[in-house]
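The sequence lines fix the lettering, A, B, ..., with proteins before strands; numbering per chain opens at 1.
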Amino acid sequence: MPMEKTFNAAEAEPRLYAAWEREGAFVAGANASRPETFTIMIPPPNVTGSLHMGHAFNNTLQDILVRWHRMRGFDTLWQPGQDHAGIATQMVVERELAKSQQPGRRDMGREAFLGKVWEWKSQSGNRIIEQLKRLGASCDWSRNAFTMSGAPGAPAGEDGNFHDAVIKVFVELYAKGLIYRGKRLVNWDPHFETAISDLEVENLEVDGHMWHFKYPLAGGETYEYVEKDADGNVTLRETRDYISIATTRPETMLGDGAVAVHTSDERYASIVGKLCEIPVGPKEHRRLIPIITDEYPDPTFGSGAVKITGAHDFNDYGVASRNGIPMYRLMDTKAAMRADGAPYAEAAARAQEIANGAAFDGAEVDTLNLVPDEMRGLDRMEARKLVVEQITAEGLAVTHAVTRTDKETGETVTETVALVESKKIMQPFGDRSKVVIEPMLTDQWFVDTQKIVGPALDAVRQGMAAQEAGTFDPAAGYTRILPERDAKTYFHWLENIEPWCISRQLWWGHQIPVWYGLDLGDAAFRDDEGDGALDEVELGRLLNAGGMLHRGEVMACAADLESVTERFRDSIADIPAPLSHARIVEVADKPAAITALAASLAEYNVSQDPTALVFPVWRDPDVLDTWFSSGLWPIGTLGWPEPTPELRKYFPTDVLVTGFDIIFFWVARMMMMQLAVVDQVPFHTVYVHALVRDEKGKKMSKSLGNVLDPLDLIDDYGADAVRFTLTAMAAMGRDLKLSKDRIAGYRNFTTKIWNATRFAEMNGVFAAARPEGIPQPAHTVNRWIIGETARVRETVDEALTAYRFNDAANALYAFVWGKVCDWYVEFAKPLFDGPEADETRATMAWVLDQCYLLCHPVMPFITEELWAMTGTREKSLVHADWPTYGTAALLDPAADREMNWVISLIEQVRSARAEMGVPVGLKLPMVLVEATPEARAAWSTNEPLILRLARIDSLTEAAMPKGSITIACEGATFALPLEGVIDVAAEKARLTKAVEKLDKDLNGLRNRLGNPKFVANAAPEVIDETREKLAQGDEEAARIRAALARLADIG
RNA sequence: GGGCGCGUAGCUCAGCGGUAGAGCACUACGUUGACAUCGUAGUGGUCACAGGUUCGAUCCCUGUCGCGCCCACCA
């Protein structure tokens, strides 16, 4: 059956992929012929994800490495899987519920909601896997992993043990003191109502305003305010009864705890330590706050005085913490002004006691609500408006004079207005929710990253040092980052690392394995009478303690409730005997716990049976940051904490291929966590690739509408073309601008290799069985192409070893198209008619096989198809043996030189013909004017090829005929007699141009060789090379000059 | 404000001490034993600018000018 004219990717690709899967071709260990392993962990796409260009790029590169190693016989594992993506997934499922008019998350409750998420996952969560298959990704799907597998509530089929790994790590790090809980200022997403990490915040510049307000000094006190210029000259001196404060967020004034000025600021030295009044809120309850000093305020900015709102600003939080300034939370979880707690008057009175020196109880962050009654429940923007109006109305806004021209009268008017500067401010937004993020003082869990960052830094420092020294060893236990520049990003972030907030107020995720109980340890529980029963007083005291337990909660961090029971036994050892026999029972929350305890104590009093006592605990409702679990991807996917054979075999993994955008999120955290947990680096090399942009260099985004969907491209051009394009453009560390033209070009390349095969097939190249081994033909052409093949094999191996994917792709392209198709196939045509037909067929069959083999990692589909079509094969191309022949053994320098001469001669003839306007169809006679014996030999060996490709009908030896074109090449001068056809002047111009160009080059070479310093200092091989070039060039120039001279005779 | 990078043919980019390459685009020609998703030939570059190091610089160093990206707490 004759081959089609082009490869039908749409038909063939799914068929070929299915065949690979049927054979189990991607299963780790399949067909491995050597003991070494090669492992890549896929960066797990989100379950909610669908394949975008970034994935296509990332996975193409991984697949190339994987397929290359697999063919080389490594026991190869490409571990696939998906990330549960806490926020993103919860968001998607909630949206689905809303769309289908189902009850919302909170209405259906946690368990039911999680059921919905799992349901969604099983229905829609596999889309990206199918898409990766279309790309040709050769992952071991039998091992597909999920970061939530094995979690409570997971349905059948999701029973891996990733959850166990995550929980175990949390418990261990907690035990080591590397995870702690604390009330800290965190980034709060008011839409999702959860904390997020620094990395999930994008800071964007927006239009904002800066207001300037007067905070009056307490009791109407005054001071002399003096401003000086840089030279110390007084520029302003006035008596003031206020301190001027600037703010972009007036609503936060309600939570101010102090005003700070710089330690060295002389302007305010006289009022430091005094009190000033926050100019907002009910007049009769204005709060007074102290004026303090700190290093933070910048005396050159604004008035130099800063209001300190510890609960709503990261800088202020630092100042407040350092100086013991109370922090008052003003907003609720939706970032509306708080509506809970006692009325404002009461709260303000308490705040004033604190300002006057009463101790601030940390719990008061949550219990004191300093939002004035009329602002409670308002959106923060509404509250801001009210605050500004109120202050302005009272005349406490700083004013300035503005002159303007009255439109009607045309007069110039000067008026005094409140000073409101319009300015660009940086505002934080949630990267998922896109809403404004609020700094919020809440209880969260943190990883003490400073304590575990050391090994992660050391490992890469060593890896980079080795890389630079050229002594990099994959087995040495360190990690290098390529390109080197990205290591700087890694270092910079890790060296300045902040504690990592890992708790999220979400439901979809790994629930934090921590249980709280009532703190019954100290005075709260006391059996005053010692009668073993609790009377009402004793009970009341206990419950009262329970109700107040903000701080004294007893915690147990353990994998499950059973382990919790054991921990509690320890922690309640000093509790009176009856209670220590209590059973531990999990309840939903704290109020329920108090009720349960009361009931069980009553029961105990009646029964006096210690086993009637119930000790209630409740689990932390928060879940872990998704990146906490994906940070364990390398060991978690291999079965850790179980000592599985896979873990032993495939860990540490080899290479991580990832985008630079998740160096912080993921790479750094994997390094830290794997080192902290199993004390090994997770991979020896991190290959960081750039971003795929549109053809104009813009980031692809839905809102810009410039997104290229890889699946559309695969439909249009085939997966191989898309892969080859991405590979050819993968210059290390540089963003790539993708255009359809480029892909079409590489699609043409697939067609080219297809048609070279088609040609071979039509000429009986595959008719005979392939002999074993590498052919050993006699003809120069065949010997030459074998050498070229050996060269490209070496180039591809070197390029892939160095992760220079584009070099590999370009070398293949240049070889297949530029050498095999352009020359070898053309040379073969006449050879098929001659005595070398057999050896040429054998050589061509071998060469094409090498093309399939070498191209397969980049273009797996078409090569597999051609492999199958062109012979009876022992195994599929996926598992065929990667060529290992050396270049030197297959290179024939004489054949090389000869073919270069032939090619150059043909090119010169073609060029001359085209320039002289000789019709392509016209065959010309050629005259050999003079030649060295080598040139004569080269001619005679290759005569049929030259005649054919240069379109010459015969060669005769004669003196230079009149009116002919000169072809000067190494060792020979030829002529194309074109009397009457050629224009002597044109030929003269052609030759003159050629000789001038040559002369220019030759002069350069001569000058260099004439420079004694060059001869003295340059490398000997460079000098030799230069001399050789000069000699060759001189010879050629001489021939052209001779031709010119002859032309002159004619002319 | 810090950090990182980039300015090479009309476009997109390789190259990074020995005198400049690819693809696309463009021009002319073309029914050549596979391929028009093709072939042949060609046009096109003070390698941003200015200094320095060197026998020699697109490549290394310094500065300038343009352009990106990342990080950052100026109220």
From the list [options], which nucleotide is the closest neighbour of the side chain of [X]?
X	options	answer
Asn1011(A)	C55(B), A14(B), C70(B)	C55(B)
Lys488(A)	A75(B), C4(B), U19(B)	C4(B)
His492(A)	C71(B), A72(B), A75(B)	C71(B)
Asn315(A)	U19(B), C73(B), G15(B)	C73(B)
Ala756(A)	C55(B), A75(B), A34(B)	A34(B)

Please give the distance between the [atom1] atoms of [N] and [M] as a whole number of Å.
N	M	atom1	result
A48(B)	C59(B)	P	8 Å
G18(B)	C13(B)	P	25 Å
G23(B)	G17(B)	P	24 Å
G39(B)	G68(B)	P	39 Å
C6(B)	C60(B)	P	9 Å
U58(B)	U43(B)	C1'	23 Å
G44(B)	A20(B)	C1'	13 Å
A36(B)	C24(B)	P	16 Å

If I take atom [atom1] in residue [X] and atom [atom2] in nucleotide [N], what distance separates them, rounded to the nearest angstrom?
X	N	atom1	atom2	value
Phe664(A)	A72(B)	CZ	P	8 Å
Ile743(A)	G23(B)	CD1	C1'	13 Å
Lys997(A)	G44(B)	NZ	P	11 Å
Glu1021(A)	G18(B)	CD	C1'	11 Å
Glu1025(A)	G17(B)	CD	C1'	14 Å
Asp486(A)	C71(B)	CG	P	13 Å
Leu1009(A)	C55(B)	CG	P	16 Å
Arg742(A)	U12(B)	CZ	P	12 Å

If you look at every strand shown and take non-hydrogen atoms under 4.0 Å, does [X] touch a base, only sugar-phosphate, or nothing?
X	value
Pro830(A)	base
Pro297(A)	base
Lys923(A)	nothing
Phe301(A)	base
Asp833(A)	base
Phe832(A)	nothing
Gly304(A)	base

Shortest non-hydrogen contact from [X] toward [Y]:
X	Y	answer
Asp716(A)	Lys740(A)	OD2-NZ, 4.4 Å
Pro290(A)	Gly257(A)	CD-O, 3.4 Å
Met869(A)	Trp754(A)	SD-CH2, 3.7 Å
Leu998(A)	Gly1033(A)	CD2-O, 3.9 Å

Bracket string, RNA chain B, 5' to 3' - pairs by Watson-Crick or G-U geometry under 3.5 Å, | interstrand: ((((((((.[[[[.)..(..]]]].(((((.......))))).....[[[[[..)....]]]]])))))))....

Respond yes when some side-chain nitrogen or oxygen of [X] is under 4.0 Å from OP1 or OP2 of [N], and no when none is.
X	N	result
Arg804(A)	G15(B)	yes
Arg485(A)	C70(B)	no
Thr489(A)	G3(B)	no

Heavy-atom check, side chain of Gln427(A) versus side chain of Val436(A), under 4.5 Å: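 Yes - at least one pair of side-chain heavy atoms lies under 4.5 Å apart.
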
Check: protein-nucleotides 35-39 of chain B nitrogen or oxygen pairs below 3.5 Å:
| unit_1 | atom_1 | unit_2 | atom_2 | d |
| --- | --- | --- | --- | --- |
| C35(B) | O4' | Asn755(A) | OD1 | 3.0 |
| C35(B) | O4' | Asn755(A) | ND2 | 3.3 |
| C35(B) | O2 | Lys752(A) | NZ | 2.7 |
| C35(B) | N3 | Lys752(A) | NZ | 3.1 |
| U37(B) | O4' | Asn748(A) | OD1 | 3.1 |
| U37(B) | O2 | Arg747(A) | NE | 2.8 |
| U37(B) | O2 | Asn748(A) | OD1 | 3.4 |
| U37(B) | O2 | Thr751(A) | OG1 | 2.5 |
| C38(B) | OP1 | Asn748(A) | ND2 | 2.6 |
| C38(B) | O3' | Lys752(A) | NZ | 3.1 |
| G39(B) | OP1 | Lys752(A) | NZ | 3.1 |
| G39(B) | OP1 | Trp817(A) | NE1 | 2.5 |

Residue list, ring-ring contact (aromatic ring centres under 6.0 Å, His included) with [X], at least two apart or on another chain:
X	value
Phe861(A)	Trp20(A)
Phe724(A)	Tyr746(A), Phe749(A)
Phe664(A)	Trp493(A)

Pairs where residues 249-260 of chain A contributes a residue and the test salt bridge (charged side-chain N to carboxylate O under 4.0 Å, His left out) is met, not counting sequence neighbours: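 The answer is Arg249(A)-Glu251(A), Arg249(A)-Glu438(A), Glu251(A)-Arg384(A), Asp256(A)-Lys307(A).
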
Taking the nucleotide of RNA chain B with the nearest heavy atom to each, does Trp823(A) or Ala760(A) sit closer to the 5' end?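 Final value for this comparison: Ala760(A).
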
Should the side chain of Arg913(A) and the base of U40(B) be counted as holding a donor-acceptor pair, with the cut-off at 3.5 Å?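 It does not, because no donor-acceptor pair links the side chain of Arg913(A) to the base of U40(B) below 3.5 Å.
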
Do Tyr852(A) and Thr757(A) have side-chain N/O donor and acceptor atoms under 3.5 Å apart? yes

Answer yes if the side chains of Ser197(A) and Glu200(A) hold a donor-acceptor pair under 3.5 Å, and no otherwise. yes

N/O donor-acceptor pair under 3.5 Å between Glu13(A) side chain and Ala719(A) backbone: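 Such a contact is found between Glu13(A) side chain and Ala719(A) backbone.
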
